[in-house]
Every structure is written in structure tokens, then in C-alpha cells.
Trainee: 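Supplied in C-alpha cells, the structure appears directly below.
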Amino acid sequence: MQTLEPILAAHPFFQNLDPRHLHLIVSCASNVRFEAGQFIFREGEAANHFYLLRHGTVQLEIFVPERGPLVIQTLGEGDVLGWSWLFPPYRWHFDARAATLVRAIALDGQCLRTKCEEDHDLGYQLVKRFAHVIMQRLQATRLQLLDVYGVHS
Amino acid sequence: MVYTPEQQPVDTAFPDPMLPRLYRVEQVRREIRATCTLALVPDNGTTAFSFAPGQFTMLYVFGIGEIPISISGDPAQPHLLVHTVRAVGPVSQALQQLKRGDVIGVRGPFGSSWPIEDAKGSDVILVAGGLGLAPLRPALYALLSQREQYGRLCLLYGARTPQDVLYARELARWRGRFDLDVYVTVDSASTAWRGQVGVVTALLAKIPFDPANTVALVCGPEVMMRFTTRELQERGLSAVHIFVSMERNMKCALGFCGHCQFGPTFVCKDGPVLRYDRIQSWFGKREI
Ligand SMILES: Cc1cc2nc3c(=O)[nH]c(=O)nc-3n(C[C@H](O)[C@H](O)[C@H](O)COP(=O)(O)OP(=O)(O)OC[C@H]3O[C@@H](n4cnc5c(N)ncnc54)[C@H](O)[C@@H]3O)c2cc1C
Ligand code: FES
């Protein structure tokens, strides 16, 4: 059976990761696919996975009473979806829905957390990579909050 | 490769640059909210002028006032002077009220332009935010009219919501071309929108480019340009390969009054298109 290791190694999120760590991670990985319109996860549910997107588009949505669901970000090939599995209480903060057919690698959060506790070097690598993603999203959120294209008079 | 903003010669056919020429409104097109595009033609006896992509004019609504507005039309068709205006105050609102046949005053064209000539042989990335697509549109027309002279062409455009996407029809047409990559993103949307949601800087991550052979033309609100230039530099693009179009309040548009000063530069004369290394240290300074 073909292992997912080369696919993980080729994903931008795991670029230049030590093969020893990739080898540890691969046992937590599985191939998944979501049909267009299908929810990948929903706000408040237990966050047990994160996803390396390989194909398709995912919408991160937030439901606003009286306004309905709003899309706050789209993610696509090469992006990573979800970091709530890293931090207690391990619950999703948004809905994620496949806007098109989505193919991804799902990584089991509990499995990874155990491995990170056993191997802190691996834990450091993962947290560092997620910190970078979180920093980029925070910058983007600030820019969105500024509403720079609005008329400010 | 050295890129420089192009300085345009003064129009000697019309010696007094303080005197407006008369132009007649040929067409008014309603765009997104509070925004319209005016196509102007020279009124009786007025001679048309040519312009370069990135230049602006001073539009004078008689009895109300005069404001700088970028030319958003095709430089290959100078007889039709096109501007896209958003209503924010008295003069821009008065421009929105114009109807076909109304006459206004036009001074210009003024300022520097995008480095269309120098960019030949390079890849070009255009990054526009909001109404910033208007001053970049003439550059895109010029690049596409000599498409074979450039490497990869890529337009990244960010707007507030799907309803705020300027020139949506034209963007769709451009997106259909095989020799131009077009990416559009909005800051927020309902689930009915099938396109990208996120900030325009996130689009930069989607495109591969060779920093040594790429020039970036950036136009939009100043904060958006700050984030974009930072991201471009993080991706390896040198400040001498990045061009921004600046906006400052103006009066004379001729480098006399100092109204438009930005650090050591006068936006009306040295700009509005400036190479980023010239203004980098002033960008984002609170006192400026
Ligand atoms: C080189 C240059 C090119 C420009 N190109 C365009 C263009 O293509 N289309 C266009 O619609 N506008 C453009 N502008 C901006 C335009 O000149 C101003 O919106 C205009 O001067 C406002 O005049 P007003 O009398 O309508 O409003 P004002 O009474 O002067 O201003 C009303 C409100 O709008 C705010 N405001 C003024 N100028 C700007 C600005 N530049 N950006 C954001 N808010 C502003 C003011 O702070 C004030 O709160 C350009 C400016 C420059 C310097
Ligand atoms: S507007 Fe007078 S110097 Fe620039």
C-alpha cells in the first residue's frame, strides 16, 4: 500500500520537515474527501482533526443571527485548515464547508498531541508552523477589521 | 533591471497649465455604490491630450471646486477621457450628478506614470485594492496592447464585498484570457459568493514569481499598500521593483503650492506613481 508520507512531504505546510518527524506523523494521517456543500466541521463541535488541503476550496463561515452565514475566509490547495485541535477545550470556532469537491489529508489531533508530548522536538516544529499560520491570519483579520476600502469621512 | 516611474513631458500645445480646458460629458456609467465612470470628450474647439497610464487630471466642477482624479481609460484612445469617481465630499458628489452634455473643466494630465516601458521583458504583478483598480486599468490596457513584450501578467484585486467589485464585467473578460492571470478576493461575503474571501495580500501567496525579474504595481488605500509592499518584500521583491500610486490633497498639481507634500516628494509632480524605495522610510509614519 502506498504511504501518505510523500504527499505530506510535498505539502507546503510540512516543507523541509525532518523525515524522522514525517515518519511519526504519517501514522496519524488519512486521505479524506468532501463533496461540494458538505460541512467539514461545525462551530462548537469537538476539534479532533486538522486538514492539509490538496484540492478544492473550503469556506470558513460564521453564522450571524438575522444576517445568516457569512464567509470570512476561503482556503484552497496548499493551505492548512484548523488549529483548534491544538488548544483546549479543542472545539471549532467556525463552520468549515466544502465549496467545491475537496480532497485533503486529515491529521488526527489526539494522535498528534500524544506524539508531540512524547517528542517535544516534533511538538516545537508543529507549534512553530501553526504559529506562522496564526500570525498570517491575525494580520489578515486586522486588515479586514480596518475596512480599508470603506468610505471614512 | 532598473525600473523607474516615467516622467511625462509638459504639454506645450496648451501653455497655461492653470487654465482648465472644457470637456463635455459623453457618457455616465453607474458602477458600484456611490461610484460612477465619466467619459469626457473635448468640448467645441478644445484639443484632446494624450496621457500615460497612472497620470491624473484636475476635474473642475464650475462653482463647486476642483479635485485630482486618476485617468481610468485607455491611453490608446486619448480622445475619450475616462475617470472613475467615488463620492466622498462636495466635488466628487457634484461629479456624480453630471449628466450627458454637461461641461466641466479639465487640467492636466499631471504626474508620473507606471513603468510600462521599463517593465518590458519582465513579469508584471498588478495589485489593486478597492477603487485602486481605476488608476491601474490604463496600465493593464497598455500591457495587454503589447502583450508579447512582457512575461507573465497577473492582476490581484481585493474589494470589500462582492457588491463592491469594480469593473466586474471587464474583470470577468480579463479572467477569460489565457495570457493574464486574474485573482479577485473580497473581505467578506454571503455564502452565495463562489469566489475567494480574504485579504488581497493572501492572494500573493498563490502566485509563484521570480523576484529578480518581476515588477509590482500597487494601488489602493494606503494601509492596503503598506501590507502589500511588506508582503512583496517578504517574498523577495526589492523595493526598486515595487511601484505605488500615492494620494494627497492637491491644489495646484504643478509642484508650486506644497499641498501634496509627502516627505521629500511632491505627489503631484514626483508622483503619483513612485518607486517604493523613494518613499519607504516615510510610508506609515504618523507625522506625514
Ligand atoms: C493623484 C490622485 C488621484 C486620485 N484618483 C482618484 C480617482 O481615480 N477616483 C476617486 O474617486 N478619487 C480619486 N482621488 C481622490 C479624490 O481626489 C478625493 O476623493 C477628492 O479630492 C475628494 O474631494 P471632495 O471635495 O469630493 O471631498 P472632500 O471634502 O475634499 O473630502 C470629503 C471626505 O473624503 C475624504 N477624502 C478626501 N480625499 C480622499 C482620498 N484621496 N481618499 C479617501 N478619502 C478622501 C476627506 O478626508 C473627507 O473626509 C485621487 C486623489 C489623488 C491625489
Ligand atoms: S498640489 Fe501644489 S505642489 Fe502639489
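For clarity, every value in this text was computed on a predicted model and none was experimentally measured. Numbered from 1 within each chain, the chains take letters A, B, ... in sequence-line order.
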Trainee: Could you walk me through whether B:K206 and A:D79 satisfy the side-chain contact (heavy atoms from CB on, under 4.5 Å) test, starting with their C-alpha distance in whole Å, then the side-chain angles of each, then the deciding distance to 0.1 Å, before giving a yes or no?
Mentor: CA-CA 10 Å; B:K206 301 210 172 290; A:D79 287 330; 3.7 Å; yes
Trainee: CD of A:Q38: more than 12 outside heavy atoms within 6.0 angstrom?
Mentor: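 For A:Q38, atom CD is crowded (more than 12 foreign heavy atoms under 6.0 Å).
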Trainee: Suppose the criterion is side-chain hydrogen bond (donor to acceptor under 3.5 Å, both in side chains): which pairs have a residue in residues 187-205 of chain B, not counting sequence neighbours?
Mentor: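 Qualifying pairs: A:T74-B:Q196.
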Trainee: Just wondering, more than 12 heavy atoms not from A:H55 lying within 6.0 Å of its NE2?
Mentor: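 Check passes, neighbour count above 12.
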Trainee: Do other residues, nucleotides or ligands put more than 12 heavy atoms under 6.0 Å from B:R29 CZ?
Mentor: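 Open: at most 12 neighbouring heavy atoms sit under 6.0 Å from CZ of B:R29.
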Trainee: So, do A:Q73 and B:T185 sit near enough that their side-chain heavy atoms are less than 4.5 Å apart?
Mentor: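 Contact flag for A:Q73/B:T185 side chains = no.
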Trainee: Please flag which part of B:R33 lies under 4.5 Å from any non-hydrogen atom of chain A: side chain, backbone, both or neither.
Mentor: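 No part of B:R33 comes within 4.5 Å of chain A.
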Trainee: Among A:L70, A:L75, A:L143, which residue has the highest count of heavy-atom pairs closer than 4.5 Å to chain B?
Mentor: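 When all of A:L70, A:L75, A:L143 are compared, A:L143 has the most.
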Trainee: Give, as side chain, backbone, both or neither, the part of A:Q144 having an atom under 4.5 angstrom from any heavy atom of chain B.
Mentor: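 When you check distances to chain B, atoms from both the backbone and side chain of A:Q144 fall under 4.5 Å.
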Trainee: For residues 156-172 of chain B, give me every residue with a non-hydrogen atom less than 4.5 Å from any non-hydrogen atom of chain A.
Mentor: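 When heavy atoms of chain A are the reference, residues 156-172 of chain B contributes B:G158, B:A159, B:R160 within the under-4.5 Å range.
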Trainee: Select, from B:A202, B:A189, B:G130, the one with the greatest count of heavy-atom pairs under 4.5 Å involving chain A.
Mentor: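 Max contact count across the listed options: B:A189.
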Trainee: Identify which of B:G129, B:A205, B:G195, B:G198 forms the greatest number of heavy-atom pairs closer than 4.5 Å to chain A.
Mentor: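 Result: the option with the highest number of such pairs is B:G129.
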Trainee: Heavy-atom distances under 4.5 Å only: say whether A:R97 touches chain B with side chain, backbone, both or neither.
Mentor: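 Side chain only.
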Trainee: Do A:Q59 and B:V197 have side chains that approach each other closer than 4.5 Å (heavy atoms only, starting at C-beta)?
Mentor: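 With C-beta onward as the side chain, the pair stays apart.
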Trainee: Report, in residue-number order, which members of residues 12-32 of chain A are under 4.5 Å from chain B by heavy-atom distance.
Mentor: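 Checking residues 12-32 of chain A against chain B gives no residue, so none.
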Trainee: For A:Y124, does the OH atom sit with more than 12 other heavy atoms under 6.0 Å from it, leaving out its own atoms?
Mentor: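 No, the 6.0 Å shell around OH holds no more than 12 heavy atoms from other groups.
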Trainee: Can you name the ring-ring contact (aromatic ring centres under 6.0 Å, His included) partners of B:F56, sequence neighbours left out?
Mentor: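 Counting only residues at least two positions away or on another chain, B:F56 forms a ring-ring contact (aromatic ring centres under 6.0 Å, His included) with B:F110.
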